[in-house]
Asker: 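Would you mind keeping the following structure in view while I ask a few things?
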Amino acid sequence: MQTGPLIHTTAGRAVDDNYKTVLAVSRPGLFGRCMGRIAEWTRLTRRGFLPPGFRRTMGPVDARLPEMQLGLGVWTDRVQRFYPIEDIASHPDGALADFVDPHDIIVGIDLRTRIPYAEYANHRTDSTGPRRRPMQLMTRWYGFCLTFPDCEIYRR
């Protein structure tokens, strides 16, 4: 099975990018709605939240960053790197350039969705052409470092 990068987006952006997008909307139960409100509160306050009992399922978290640090994880067969959200957002050019074996990449934050992304710097046909992207996931540090032990951390 062919794999590709997971791109976080919003429903509005998905429809704008592809007018054939079909959206399914469901109404979660009471527990789901409560957890959704907690998740939204933690997103807005940038605190993060681990559901009750979740920590017991985790191994030890790499202490190089706070476990709830939000960022973008990018990986290839040979390189796994985590980009803290503040490092991406504070870059003077609005996006940072980096090298992830064997490609130059651009890491930025989509101004419309406020979601971080990575794309290959030299694999875009034009401003409206398709973007090629490395494998990536917007995630918390605990999730990325438990998936990729000894991963690299981007440092400015």
Side-chain angles (χ1 to χ4, degrees), residues 1-26 36 39-50 54 57-156:
M1 176 187 291
Q2 185 178 2
T3 61
L6 174 65
I7 306 300
H8 283 87
T9 192
T10 62
R13 183 64 185 246
V15 170
D16 288 350
D17 287 350
N18 182 353
Y19 70 93
K20 294 181 181 180
T21 298
V22 176
L23 301 175
V25 179
S26 65
E40 182 64 11
W41 174 79
T42 60
R43 184 186 71 79
L44 292 173
T45 61
R46 294 183 169 259
R47 294 178 193 208
F49 170 75
L50 292 176
F54 186 78
T57 68
M58 298 169 34
V61 176
D62 185 327
R64 292 180 290 163
L65 290 172
E67 68 180 29
M68 298 305 282
Q69 171 69 55
L70 187 60
L72 185 71
V74 175
W75 67 95
T76 68
D77 290 338
R78 296 192 296 211
V79 176
Q80 300 86 41
R81 188 169 301 140
F82 185 80
Y83 296 83
I85 196 83
E86 291 82 8
D87 286 353
I88 303 168
S90 67
H91 200 275
D93 297 329
L96 57 92
D98 200 9
F99 180 79
V100 174
D101 180 54
H103 299 284
D104 291 323
I105 66 168
I106 303 297
V107 179
I109 297 179
D110 184 301
L111 297 177
R112 182 165 170 209
T113 64
R114 297 180 303 197
I115 297 172
Y117 67 88
E119 63 186 30
Y120 294 121
N122 53 356
H123 288 253
R124 192 164 180 185
T125 55
D126 61 30
S127 63
T128 61
R131 299 176 191 151
R132 288 205 40 235
R133 299 177 186 244
M135 296 298 284
Q136 60 190 276
L137 179 65
M138 183 176 83
T139 185
R140 301 271 180 198
W141 170 243
Y142 75 84
F144 196 73
C145 74
L146 290 171
T147 304
F148 298 106
D150 302 318
C151 62
E152 301 171 7
I153 300 172
Y154 174 81
R155 301 285 189 201
R156 280 183 43 168

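From a predicted model like this one, the values you see are computed outputs, not experimental measurements. Below, all heavy atoms of this structure are taken into account, side chains as well, without hydrogens, waters or symmetry copies.
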Asker: Report the C-alpha distance between Y142 and F54 in whole Å, list the side-chain angles of each, state the deciding distance to 0.1 Å, and finish with yes or no for side-chain contact (heavy atoms from CB on, under 4.5 Å).
Answerer: CA-CA 12 Å; Y142 75 84; F54 186 78; 3.6 Å; yes
Asker: Which heavy atom of T139 sits nearest a heavy atom of G143, and at what distance?
Answerer: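 Closest approach of T139 to G143: OG1-CA, 4.3 Å.
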Asker: Go through the steps for Y120 and I106 under the test side-chain contact (heavy atoms from CB on, under 4.5 Å), then give the verdict.
Answerer: CA-CA 6 Å; Y120 294 121; I106 303 297; over 6 Å; no
Asker: Roughly how far, to the nearest 0.5 Å, is CD of Q136 from CE of M138?
Answerer: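 Answer for the CE-CD pair, M138 versus Q136, is 11.0 Å.
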Asker: Would you call L65 and F82 a side-chain contact if the rule is heavy atoms closer than 4.5 Å?
Answerer: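 They are in contact (side-chain heavy atoms under 4.5 Å apart), so the answer is yes.
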Asker: Table please: side-chain donor-acceptor pairs of residues 69-77 below 3.5 Å, with sequence neighbours left out.
Answerer:
{"from": "Q69", "atom 1": "NE2", "to": "E86", "atom 2": "OE1", "distance (Å)": "2.6"}
{"from": "T76", "atom 1": "OG1", "to": "R78", "atom 2": "N", "distance (Å)": "3.2"}
{"from": "T76", "atom 1": "OG1", "to": "V79", "atom 2": "N", "distance (Å)": "3.0"}

Asker: Rounded to the nearest 0.5 Å, how far does OH of Y83 lie from NE2 of H91?
Answerer: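 Taking NE2 in H91 and OH in Y83, the distance rounds to 11.0 Å.
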Asker: With sequence neighbours excluded, tell me which residues meet side-chain hydrogen bond (donor to acceptor under 3.5 Å, both in side chains) with E67.
Answerer: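 For E67 the side-chain hydrogen bond (donor to acceptor under 3.5 Å, both in side chains) partners, ignoring immediate neighbours, are R55.
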Asker: Might you point out which heavy atoms bring P134 and I105 nearest each other, and give the distance in Å?
Answerer: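 So the two residues come closest at CG-CG2, 4.5 Å.
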Asker: So for atom CG, which belongs to D150, do other residues, nucleotides or ligands contribute more than 12 heavy atoms lying within a distance under 6.0 Å?
Answerer: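 Result for CG/D150: open.
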Asker: Check the pair R133, Y117 against side-chain contact (heavy atoms from CB on, under 4.5 Å), reporting the backbone distance first and the verdict last.
Answerer: CA-CA 8 Å; R133 299 177 186 244; Y117 67 88; 3.3 Å; yes
Asker: Just to verify, which of I88, D87, V107, V100 counts as forming a side-chain contact (heavy atoms from CB on, under 4.5 Å) with Y154?
Answerer: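 Passing option: D87.
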Asker: L146 and P60: which non-hydrogen atoms are nearest, and at how many Å?
Answerer: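 Shortest heavy-atom contact: CD2-O, 3.4 Å.
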Asker: Assess whether side-chain contact (heavy atoms from CB on, under 4.5 Å) is satisfied between F148 and R81, documenting all intermediate values.
Answerer: CA-CA 9 Å; F148 298 106; R81 188 169 301 140; over 6 Å; no
Asker: Could you list the residues that satisfy side-chain contact (heavy atoms from CB on, under 4.5 Å) with R64, not counting sequence neighbours?
Answerer: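 side-chain contact (heavy atoms from CB on, under 4.5 Å) check on R64 returns D62, W141, C151, I153.
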